[in-house]
A.B. asks: 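One structure coming up, written as structure tokens, with questions to follow.
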Amino acid sequence: VERMARRVGYHLRFSRVIYRGSPLQCSDPGGRGLFGDAVLTRSPIVASANRPFRAQSGIEQRRWLCASTRRGVDVCTTHLNTRTTDTSIATNDAQCTELAALLARRAADRGVVFGGDVNRLGSCAPEDAWTRTDLLGEESPGIQHAYGSRAVLRAPSVRTVPARYSNHDLLLVRARLMPSRRH
């Protein structure tokens, strides 16, 4: 992720994921560093936060990561629990509810854009946000989502692109950032 950010000239925040009690090295291909969540932005990052969700189940600690940019937009990501058992479904539902509340709180003061693997077809977006998914993708379609504040990010378009080292296609969303009245 650091090489990618340098190559495209973006700013970066990273949150390592705890797996079976310790950080997990990326394995396929190896030598890439730690497994985790990352946010890359063109605008400089002025603050960031990441925390584990209150509800947890399974061997991987699920966290959220948000970065506040100089442009007045928060960029957030996460990877929610899978929905394979009654317990993990309940955990995913609780994480989805917590994510929606988090994004709504942040959207009260700033624009918000979110992208991540929510492991569900239903949206976790707050009320005043649009939702786009990878429903037209080939790999695990519909469970990667992007959300954006309607008042700040307009005309979202979506496409999917096959990815080599992932169990998902890439979800590419473009939206137009409205001029800020704060600057």
Side-chain angles (χ1 to χ4, degrees), residues 1-2 4-6 8-18 34-56 60-81 90-135 142-159 168 170-183:
V1 175
E2 289 172 345
M4 186 185 317
R6 272 194 311 273
V8 296
Y10 277 34
H11 304 271
L12 161 72
R13 287 298 183 273
F14 180 80
S15 173
R16 69 177 186 230
V17 169
I18 302 302
L34 294 176
F35 177 67
D37 300 315
V39 167
L40 284 82
T41 72
R42 185 178 295 163
S43 180
I45 295 171
V46 297
S48 64
N50 75 85
R51 306 238 184 322
F53 286 98
R54 287 186 293 274
Q56 298 283 334
E60 180 181 328
Q61 183 188 65
R62 306 302 175 140
R63 303 179 67 84
W64 57 264
L65 167 65
C66 290
S68 299
T69 69
R70 191 182 302 159
R71 292 284 309 259
V73 175
D74 284 4
V75 182
C76 300
T77 191
T78 193
H79 181 202
L80 299 185
N81 251 88
T91 301
N92 179 280
D93 289 346
Q95 291 170 347
C96 181
T97 299
E98 186 177 342
L99 175 63
L102 167 74
L103 298 176
R105 280 191 311 274
R106 292 177 100 73
D109 296 324
R110 306 167 60 82
V112 173
V113 63
F114 165 86
D117 181 351
V118 296
N119 277 311
R120 63 188 298 128
L121 296 176
S123 178
C124 300
E127 213 172 281
D128 292 334
W130 47 257
T131 298
R132 297 295 182 271
T133 73
D134 65 345
L135 191 58
I143 63 175
Q144 288 190 106
H145 294 195
Y147 312 139
S149 300
R150 290 183 201 280
V152 178
L153 296 156
R154 302 272 173 90
S157 64
V158 65
R159 76 180 175 114
H168 298 284
L170 300 176
L171 173 62
L172 303 174
V173 177
R174 297 188 133 222
R176 207 169 22 136
L177 182 61
M178 302 306 292
S180 173
R181 291 185 278 238
R182 296 181 186 150
H183 301 287

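Bear in mind that the values here come from a model prediction, so they are computed numbers and not experimental data. Only heavy atoms go into these numbers, but all of them, side chains included; no hydrogens, no water, no symmetry mates.
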A.B. asks: Is the backbone of Gln56 close enough, under 3.5 Å, to the side chain of Gln61 for a donor and an acceptor to pair up by distance?
C.D. replies: no
A.B. asks: Is there any salt bridge (Lys or Arg N to Asp or Glu O under 4.0 Å) pair reaching into residues 113-126, and which pairs are they, with sequence neighbours excluded?
C.D. replies: Asp93-Arg120
A.B. asks: Taking distance alone, no hydrogens or angles, what donor-acceptor pairs closer than 3.5 Å link side-chain atoms of residues 150-159 to residues at least two apart or in another chain?
C.D. replies:
residue: Arg150; atom: NH2; partner: Ala129; partner atom: O; Å: 3.0
residue: Arg154; atom: NE; partner: Arg150; partner atom: O; Å: 2.9

A.B. asks: So Thr91 and Asn81, side-chain hydrogen bond (donor to acceptor under 3.5 Å, both in side chains) or not? Walk me through it.
C.D. replies: CA-CA 7 Å; Thr91 301; Asn81 251 88; 5.2 Å; no
A.B. asks: Would you say the side-chain atoms of Asp74 pair up with the backbone N or O of Cys66, donor to acceptor, closer than 3.5 Å?
C.D. replies: no
A.B. asks: For the side chain of Asn92 and the backbone of Val118, is there at least one donor-acceptor N/O pair under 3.5 Å apart?
C.D. replies: yes
A.B. asks: With a 3.5 Å distance limit and no angle check, can you tell me whether Arg110 reaches the backbone of Thr69 through a side-chain donor-acceptor pair?
C.D. replies: yes
A.B. asks: Looking only at side-chain N and O atoms, does Ser43 offer a donor or acceptor that is under 3.5 Å from a partner on Arg71?
C.D. replies: no
A.B. asks: Determine the minimum heavy-atom distance between Gly36 and Val17, stating which atoms define it.
C.D. replies: CA-CG2, 3.5 Å
A.B. asks: Scan for salt bridge (Lys or Arg N to Asp or Glu O under 4.0 Å) pairs involving residues 43-56, sequence neighbours excluded, and state none if there are none.
C.D. replies: Arg54-Glu98
A.B. asks: Of all residues at least two apart in sequence or in a different chain, which pass the side-chain hydrogen bond (donor to acceptor under 3.5 Å, both in side chains) check with Thr97?
C.D. replies: none
A.B. asks: Mind checking what makes side-chain hydrogen bond (donor to acceptor under 3.5 Å, both in side chains) contact with Arg42, not counting sequence neighbours?
C.D. replies: Tyr10
A.B. asks: What residues, two or more places apart in sequence or in another chain, satisfy side chain to side chain contact (heavy atoms under 4.5 Å, CB included) together with Thr77?
C.D. replies: Asp37, Val39, Leu65
